[in-house]
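Letters A, B, ... are given to chains in the order of the sequence lines, protein chains preceding strands, and every chain is numbered from 1.
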Number of protein chains: 2
Amino acid sequence: MVKPAPRRVTIVDVARHAQVSTTAVSKVLRNAYGASPAMRAKVQQAMTELGYRPHAAARGLRGQTYTIGVMLPELRNLFFADILDGITAQLGDTDYQVLLAPGCNGEKAEARVIDAMIDRSMDGLVLIAPVSARSRLNEVARTVPTVVVGRHGSSPAYDTVTDDDIAGAALVVDHLVSLGHRRIAHIEHHETDRVRLAEMPNAQRARGYRDAMIAHGLEDEIDIASTSYTHDGGHLGARQLLDRPRRPTAIFAGADVVALGALEAVAEAGLTVPGDISVASYDNSALASFGPISLTSVDQDGRQMGVDAARLLVDRITDRQRRTAQVTLSPTLVVRRTTAAVEAAQ
Amino acid sequence: MVKPAPRRVTIVDVARHAQVSTTAVSKVLRNAYGASPAMRAKVQQAMTELGYRPHAAARGLRGQTYTIGVMLPELRNLFFADILDGITAQLGDTDYQVLLAPGCNGEKAEARVIDAMIDRSMDGLVLIAPVSARSRLNEVARTVPTVVVGRHGSSPAYDTVTDDDIAGAALVVDHLVSLGHRRIAHIEHHETDRVRLAEMPNAQRARGYRDAMIAHGLEDEIDIASTSYTHDGGHLGARQLLDRPRRPTAIFAGADVVALGALEAVAEAGLTVPGDISVASYDNSALASFGPISLTSVDQDGRQMGVDAARLLVDRITDRQRRTAQVTLSPTLVVRRTTAAVEAAQ
DNA sequence: GTGAAAGCGCTAACAT
DNA sequence: ATGTTAGCGCTTTCAC
């Protein structure tokens, strides 16, 4: 139907056109030592004249591919988009190109996707909230420079960037307590695996909630609905909490999407927010700031997390022996219209 | 700090371990002709014993990389996530791995990203709502099998999958007219480029709006605010429309996110929806279905678009000479709570 | 400073 | 049916 494109311009074409060796072209390409300014100019001119573009895959067979792989568990979570913005912004000046591996929920899919990235010889990996076993992550990091985002705990093999989820949960509890609330409930993402209980953000948020409640002398008021970080999970969790004999006056949802489900359940129960019950959550995604919803939520500066992750990754590609670093960012609370003084509820 | 991973297992290791030639291993890998069942078994056993995984980049230097590249203009648009789901679902059974190129708004960034995918020798490309010139798309498609999603017009070089945006706009107008509305305004994404006026969905929706209004004898009521498909664009557009001497009784926003901005502007003007004014939009994203918003919106089966795109792409990889196909899907209208009979507004 | 030549892991002609 | 060999486009010794 259509004539195929002409053969690709290669390093050989450039070398011939510039009357030099392929080695010289390669050196110019990599800004490597051993090329005189005169040669550099000659080669560069030939490159532009021929419209040469290096073949990343072929380069990878010996050197680098200039490709960074980013794995995200879920495309629909807008917070991840912020992280990605930070990564691409930080990498914008460099020669690195970012490619994403989409939607890998579950350990098996995650393993497949990570393997796929390694098989495509990416120069570095950013794993966002991975669920794989720690040993597996260490193994991956030994194979290719890796930064893990959004998972607590340190490793000798990979750098980490996390938000201080315990502090974030405390911000919410402090805020609600200062509004006079005592019966503050939490909707968590159910977790059984022991390592994940220590490392996953959801578990840290639940722990932060507990700790903060205890710090305020409210240990008897601790009340947790254990569902999942989804819209339905929020709906279900809120229904459970609203059915309690002593209904909570405030609900702390572990994520914005959970809060949305909770808001629906509250409305269905004929209650108003924040009149009858306050709702706060975590992530401060675009949903939270949207006017009609206007959710009080913990902000995690995802963009900054992405910037840090990219910086750490490039550093590690440069020096694989450097000791691993753990970056922890402090969250802030954005108070909006879903939380109010408890008096209003009585 | 950490000992590097051992050298990768290659086809040579497998061949030696199975006491056969590398060719034999390659044949087994590709299910190619010329390998006896006995040899096949022997090689396969060696592969699993050694934990062999083919090096995609190296394969690509001669044959395929088994990688499909998907370009999306915007990660935050949830509709694109549906398309991606369809693509990955359809490709789930095959050996192809999907990689995404993130956020490339603007022709220049788009060109860079597409080049990057070609330089990484992807086997096929899915371009979602690209803004590049038609000639450029044709050139890309001559280089690598390509399917274009969400852009009207046919090409001899690439297959297309689109939603019938003209029909979708007509669904909205028909619905509003049936509710008694006559002063139905539209917020469009401003477009000047001639080709894009014919090919981009936003332009098609505006055209569908005009055509439908005319079909209903309402050509004198045609009223368009020309802003952009963003939250702010919706806000601005709605403010313009609300300031008209004869305020519209219904607004058809070109996208859900536009409708959200419009809803805010309507609320700020002290008007209610759908009491004072009806609002309908396009995309039926998760935002539209969210309870408190509950937006009447046109549903484009994004998932099906992804499935079709992936199918067409694999077909084209198999046979590059096949004639190009154009798949057009029919939208449906999902009526929710932001549209009501016009009597209520008077 | 420059270039010839070997090889990265794999596929595809071409023997046998 | 099986193996030998020559590349794919690039980087990297290692001579000069």
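- In this structure, A:Arg30 reaches the bases: a heavy-atom distance under 4.0 Å links it to at least one base atom across the strands shown.
- Using a cutoff of 4.0 Å between basic side-chain nitrogens and carboxylate oxygens, B:Arg320 and B:Asp123 are not scored as salt-bridged.
- Comparing B:Leu61 and B:Pro37, the nucleotide of DNA chain D nearest to each residue sits closer to the 5' end for B:Pro37.
- Rounded to an integer number of Å, the gap from OH of B:Tyr33 to P of C:dA12 is 17 Å.
- Residue B:Arg59 places at least one side-chain N or O under 4.0 Å from the OP1 or OP2 atom of C:dT11.
- Between the CG atom in A:Asp85 and the CG atom in A:Asp82 there is a gap of 6.0 Å [rounded to 0.5 Å].
- Two residues are said to be in side-chain contact when any heavy atoms from C-beta on lie closer than 4.5 Å; B:Val148 and B:Ser155 fail this criterion.
- First and last contacts of DNA chain D with chain A, using any nucleotide atom under 4.0 Å from a protein heavy atom and ordered 5' to 3', fall at D:dG9 to D:dT12.
- Residues of residues 41-50 of chain B that place a heavy atom closer than 4.0 Å to DNA chain C do not occur.
- Taking the side chain as every heavy atom from C-beta outward, B:Thr65 and B:Arg120 never approach each other to under 4.5 Å.
- A salt bridge between A:Arg134 and A:Glu199 is present, with a side-chain N of the basic residue lying under 4.0 Å from a carboxylate O of the acidic one.
- Looking at which nucleotide of DNA chain C each of B:Gln64 and A:Met39 is closest to, the 5′-most match is held by A:Met39.
- Straight-line distance from the NE2 atom of B:His55 to the P atom of C:dC8: 12 Å, rounded to whole Å.
- Counting only heavy atoms from C-beta outward, the side chains of B:Arg53 and B:Arg8 approach each other to under 4.5 Å.
- If you measure from atom CZ of A:Arg62 to atom P of C:dC10, you get 15 Å, rounded to the nearest angstrom.
- Distance CD/A:Glu139 to OH/A:Tyr158: 12.5 Å, rounded to 0.5 Å.
- Whole-Å rounding puts the B:Tyr52 OH to C:dG9 P distance at 10 Å.
- The stretch residues 9-23 of chain A touches DNA chain D through A:Thr10, A:Ile11, A:Thr23, each having a heavy atom within less than 4.0 Å of the strand.
- Using a 4.5 Å heavy-atom threshold, the side chains of A:Met200 and A:Asp193 count as separate.
- B:Arg53 places its CZ atom 14 Å from the C1' atom of C:dG9, with the value rounded to the nearest Å.
- Using a 4.0 Å heavy-atom criterion, one finds that A:Ala35 contacts the sugar-phosphate atoms exclusively.
- Counting only heavy atoms from C-beta outward, the side chains of B:Leu137 and B:Pro130 approach each other to under 4.5 Å.
- Salt bridge annotation for B:Asp115-B:Arg112: absent, with no cationic side-chain nitrogen under 4.0 angstrom from a carboxylate oxygen.
- Atom CD1 of B:Ile83 sits about 5.0 Å away from atom CE of B:Met305, to the nearest 0.5 Å.
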